Amino acid sequence: MNAAVIEVTKVSKSFGGVVANREVSLAVPEGRITGLIGPNGSGKTTLFNSIVGYHPIDAGSIKFQGEEISNLNVQRIARLGLVRTFQQTRIYGKMNCLENMRISIAHRNAAWRDMFADYSPTIVERAEHLLEFVGLYAKRNLVAGSLSFGQQKLLEFAMALMNEPKVLLLDEPTAGINPTLINGLIDRLQRANSDFGITMFIVEHNMRVIMNMAEHIYCLAHGELLAEGPPATIQNDKRVIDAYLGAH
């Protein structure tokens, strides 16, 4: 297995009296696609939020490329190359697709004034190339709010790629997408992994998707790590079937 680019060690996080994560440990190998599954309320999104700095952990350690990051804020972690997407798209619906790509760079720079400096020919060329990569080049001048939900997810994916991430955390990338678009999204995720060398850590409820994409899968239940292993092992783990697969 490749060296771990993300190392989570005995991470715990509570909200009031509710334990969201309890001593969770896992490793995401560099250059691979790793999956994270579990029933609703199992702590998957909380763990993602902890990794990228949205809230402080109560105990444990989170390392990125060997460096402790649990004490860093979102912007500093993003500048290191650790970027996430969300279940609900975070695009700017009144701006066109190119403008959305441009503003994603501004957010990385954490200064609105940089937005105007980042409309150089180089930035525009990169934006157009990535829009073509996700199949949205022809819609580059359309208002993002006019896109279908699946196309908005592709736009958000392209916006994440604009920031040249080393690791991309994707929170249910296929949720709400028309089934006819899912295979195209899977193909682009796999190509971003293989062609751009982007490590991916994916939360996904669509079992067909995650079993076909991930090389290694972790399963959470009630905030704790329940099982881990390659897809075939996870598919046949009775604990996983009872806790997750059997619930569907």
Side-chain angles (χ1 to χ4, degrees), residues 2-9 11 13 21 26-34 36 44-57 60-92 95 97-131 133-134 144 153-171 173 188-189 192-193 195-203:
N2 292 20
V5 65
I6 296 174
E7 297 172 271
V8 174
T9 306
V11 163
K13 177 64 183 177
N21 293 137
L26 55 81
V28 177
E30 185 174 11
R32 306 294 188 184
I33 298 177
T34 301
L36 181 63
K44 303 183 301 297
T45 295
T46 295
L47 185 62
F48 263 32
N49 284 338
S50 295
I51 292 171
V52 298
Y54 274 95
H55 49 58
I57 59 176
S61 169
I62 302 174
K63 291 184 178 181
F64 178 59
Q65 295 184 316
E67 299 294 328
E68 184 68 36
I69 62 169
S70 61
N71 57 341
L72 302 182
N73 63 30
V74 174
Q75 287 78 19
R76 288 185 64 186
I77 291 173
R79 290 190 198 109
L80 293 175
L82 191 54
V83 178
R84 72 160 293 181
T85 64
F86 296 83
Q87 294 178 28
Q88 297 299 318
T89 57
R90 297 194 175 187
I91 62 168
Y92 297 88
M95 296 181 177
C97 293
L98 270 177
E99 290 168 335
N100 269 269
M101 298 290 282
R102 170 191 177 190
I103 207 169
S104 69
I105 293 290
H107 279 182
R108 181 190 66 183
N109 293 335
W112 283 94
R113 58 182 170 78
D114 291 334
M115 176 177 68
F116 300 99
D118 283 334
Y119 213 43
S120 65
T122 301
I123 292 296
V124 173
E125 182 180 357
R126 175 168 173 76
E128 290 183 337
H129 171 72
L130 289 172
L131 287 172
F133 176 75
V134 300
K153 284 219 165 184
L154 286 169
L155 174 60
E156 185 182 40
F157 177 47
M159 290 167 66
L161 294 179
M162 270 299 277
N163 290 282
E164 301 180 277
K166 296 175 183 175
V167 179
L168 190 54
L169 280 67
L170 297 128
D171 198 347
R188 287 170 176 87
L189 292 175
N193 171 249
D195 297 354
F196 302 157
I198 299 173
T199 302
M200 294 188 181
F201 191 24
I202 303 177
V203 166

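If you're wondering where the values come from, they're calculated on a predicted model, not measured in any experiment.
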Side chains of [X] and [Y]: does their closest heavy-atom pair fall under 4.5 Å?
| X | Y | answer |
| --- | --- | --- |
| Ile6 | Leu82 | yes |
| Thr46 | His55 | yes |
| Arg188 | Leu154 | yes |
| Leu168 | Phe196 | no |
| Phe64 | Leu72 | no |
| Thr45 | Val203 | no |

Residue pair [X] / [Y]: nearest heavy atoms and the distance that separates them:
| X | Y | value |
| --- | --- | --- |
| Asn100 | Met159 | O-CE, 3.6 Å |
| Met200 | Leu189 | CE-O, 3.1 Å |
| Ser50 | Ile62 | O-CD1, 3.6 Å |
| Ala192 | Leu161 | CB-CD2, 4.5 Å |
| Lys153 | Pro173 | CD-O, 3.1 Å |

(request) Report yes or no: does Asn193 contribute a side-chain atom to a donor-acceptor pair with the main-chain N or O of Gly31 at less than 3.5 Å? (result)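 Yes: the side chain of Asn193 pairs with the backbone of Gly31.
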(request) Check whether any side-chain N or O of Lys13 sits under 3.5 Å from a backbone N or O of Pro56 as a donor-acceptor pair, and report yes or no. (result)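 Checking the backbone N and O of Pro56 against the side chain of Lys13, a donor-acceptor pair under 3.5 Å is found.
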(request) Could you verify whether a donor N or O on one side chain and an acceptor N or O on the other, from Ser61 and Glu68, lie under 3.5 Å apart? (result)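 Ser61 vs Glu68: donor-acceptor pair found between side chains.
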(request) Could you tell me the separation between the NZ atom of Lys44 and the CD1 atom of Ile202, rounded to the nearest 0.5 Å? (result)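 Nearest 0.5 Å value for the NZ-CD1 distance: 14.0 Å.
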